[in-house]
Amino acid sequence: MKTTIIDMHIRRLPGFLLILMVLLSSGCDGRGLRRETRVLMGTYVEILCFDGRAPGIAFDEISRVEGLLSKYREDSEISRLNADGKQRVSGEVYALLSRCAELSRSSSGAFDITVEPLVRLWGFRDRKFLVPPADKIAGTLPSVGSEKIVFHPADNMIEFSVKGMSVDLGGAGKGYALDCAAGKLAEAGIKDFLINAGGQVRCRGTGPGNVPWRIAVKDPRGRGVLKKLEMKGGSFATSGDYEQFFMADEKTGKRYSHIIDPRSGYPADTGIASVTVSAADGLTADFLSTAVYVLGKERGEALLKKFPGCAIVDMEYNNASREY
Ligand code: AMP
Ligand code: MG
């Protein structure tokens, strides 16, 4: 059986870095592999499947979820909530935000969708990066914290209790979107597919040759293949500083990552360059990879214990000699 390799993209636009490779055992199973790519949710979304209906179903669903959650679309439910500070939302968005607040609690605030004012302050929203003065960071912290979101279940009303708050689903939205897409594909009776949304993967069934999907995770710093995974179903997510970062001083080489520690207000700096987490569903994998990146190795591993069936598949460090 011959093996071919398909490179998949992970880095968000603009520009991209190849990082995931799907290894295809090209045994004849007569199903004819299809591969389609679309730019959605600010990243390349790729689907591998055998059923001609699958790409349309998956892309339509991901695009629907993007329309609900995108902070870059003025008419999304999230943008309207951010603009008004109080908003009646759909049952779907209400349930998702409640779940995210719960996940924030379980990660002791390492993952927190209310991090948006900090993401903006560090310039990651508009890609105008800067190291903000310490007093501005301190002044922004009171507007951060999921415990400051008030949930009114009777009418799906969501309210920020502090001025200046806003939410950013960047750390969990892609995972959620893939769960929704997987649900729609299952409803249509489509059993075999792999979707990769910028390093967030969700797959089901088997790949070509009727063997489990085989995926290789490539080193973000370009040192070859880190891990090979075989997956028949489930999800994995990678968070890392290679994806979006800036350097204030090229000489020091210090990277400021787009993943911010909501408790300190500074980009997370636990020495992790990238972490890949597996879970049965995309939302959990997406949340966990972001949270572990913020928490660092030991606390991240402790968090994983609270989520049975989830695992750290790979963890790479910025500085191999660093002590933890
Ligand atoms: P991910 O690539 O899934 O780790 O998500 C990173 C994105 O989530 C960032 O680009 C921000 O939009 C947002 N984000 C940054 N820091 C956090 C955090 N501590 N918790 C939740 N979301 C975050
Ligand atoms: Mg994430």
Side-chain angles (χ1 to χ4, degrees), residues 9-13 16-17 19-20 41-43 66 69-72 78-79 82 96-97 99-127 129 137 140-141 144-146 149 166-179 196-202 220 235-246 255-270 272-279 281-296 299-300 303 307 310 312 315:
H9 314 125
I10 192 168
R11 189 161 169 179
R12 290 188 184 134
L13 301 174
F16 59 82
L17 176 75
I19 190 152
L20 291 179
M41 300 188 94
T43 193
E66 181 179 16
L69 305 184
S70 174
K71 64 176 179 180
Y72 295 105
I78 292 300
S79 292
N82 286 343
L96 178 62
L97 294 188
R99 177 73 183 136
C100 286
E102 223 175 275
L103 293 171
S104 178
R105 272 193 299 280
S106 70
S107 69
S108 311
F111 170 91
D112 200 316
I113 55 169
T114 65
V115 74
E116 201 280 333
L118 290 166
V119 171
R120 201 163 2 113
L121 185 66
W122 284 86
F124 285 104
R125 185 194 161 96
D126 304 320
R127 304 184 67 81
F129 311 118
I137 296 170
T140 305
L141 286 178
V144 176
S146 286
I149 307 178
S166 49
V167 291
D168 174 348
L169 272 293
K174 290 202 298 296
Y176 174 72
L178 292 197
D179 290 341
N196 170 29
Q200 173 81 42
V201 173
R202 171 101 202 206
S235 193
F236 76 76
T238 301
S239 291
D241 66 6
Y242 51 86
E243 201 183 2
Q244 289 184 58
F245 68 91
F246 71 93
R255 287 167 180 241
Y256 293 94
S257 136
H258 66 128
I259 302 174
I260 314 272
D261 187 334
R263 302 158 305 177
S264 69
Y266 285 79
D269 186 19
T270 53
I272 297 177
S274 80
V275 56
T276 301
V277 177
S278 65
D281 66 283
L283 176 62
T284 307
D286 201 351
F287 145 70
L288 280 173
S289 69
T290 308
V292 171
Y293 183 87
V294 173
L295 287 169
R299 289 184 179 167
L303 175 66
F307 292 85
C310 302
I312 295 175
M315 202 185 281

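Ligands are counted one by one from 1 in listed order, and the atoms in each one are counted from 1 as well.
Lys71 is listed as a side-chain neighbour of Val119, based on a closest heavy-atom distance under 4.5 Å. A 4.5 Å side-chain heavy-atom check between Leu121 and Ile260 finds every atom pair outside the cut-off. Within the 4.5 Å cutoff, side-chain heavy atoms of Arg202 are placed close to those of Asp281. Between Val292 and Met315, some side-chain heavy-atom pair lies under the 4.5 Å cut-off. Proximity of Leu69 to Tyr176: side-chain heavy atoms (C-beta onward) are separated by under 4.5 Å at one or more points. A heavy-atom distance below 4.5 Å is found between the side chains of Thr114 and Ile149.
Among the atoms of Val119, none of the N or O lies under 3.5 angstrom from an N or O of ligand 1. For ligand 1, the polar-atom distance check against Lys71 finds no nitrogen or oxygen pair separated by under 3.5 Å. Considering backbone and side-chain atoms together, Gly171 places an N or O closer than 3.5 Å to an N or O of ligand 1. Residue Thr290 has at least one nitrogen or oxygen atom sitting less than 3.5 Å from a nitrogen or oxygen atom of ligand 1, judged on distance alone. On a distance-only criterion, Thr238 and ligand 1 share no N/O pair closer than 3.5 Å.
Listed by chain and residue number, Asp112, Ser146 satisfy the side-chain contact (heavy atoms from CB on, under 4.5 Å) test with Ser104 (two or more places apart in sequence, or in another chain). Take Asp261 and apply the side-chain contact (heavy atoms from CB on, under 4.5 Å) test, not counting sequence neighbours, and it matches Arg263, Ser264, Val294. Under the ring pair (Phe, Tyr, Trp, His ring centres under 6.0 Å) criterion, Tyr266 pairs with Trp122, sequence neighbours left out.
Atoms of ligand 1 found under 4.0 Å from any heavy atom of Gly170 (numbered from 1 in listed order, with element): 3 (O), 5 (O), 7 (C), 8 (O), 12 (O). The atoms of ligand 1 that sit less than 4.0 Å from any heavy atom of Asp168 are 11 (C), 12 (O), 13 (C). Ligand-side atoms of ligand 1 in range of Pro262: 19 (N), range being under 4.0 angstrom from any heavy atom. Of all atoms in ligand 1, numbered sequentially from 1 with element shown, those under 4.0 Å from a heavy atom of Ser239 are 1 (P), 3 (O), 4 (O).
Between Arg99 and Glu102 there is a salt bridge, since at least one side-chain N of the basic residue sits less than 4.0 Å from a carboxylate O of the acidic one.
Of all the heavy atoms of Ala110, the ones lying under 4.0 Å from any atom of ligand 1 belong exclusively to the backbone. Using a 4.0 Å cut-off between heavy atoms, Asp112 contacts ligand 1 through its backbone alone, with no side-chain atom that close.
Partner of Ile113 under the side-chain contact (heavy atoms from CB on, under 4.5 Å) criterion, out of Ser166, Cys100, Pro262: Cys100 alone.
Residue Ser289 places no heavy atom under 4.0 Å from ligand 1. At least one heavy atom of Phe111 lies less than 4.0 angstrom from ligand 1.
Take a cut-off of 2.8 Å around the Mg ion (ligand 2): the protein N, O or S atoms inside it are Gly171 O, Asp286 O, Asp286 OD1, Thr290 OG1.
No side-chain donor-acceptor contact under 3.5 Å links Ser278 to the backbone of Cys310.
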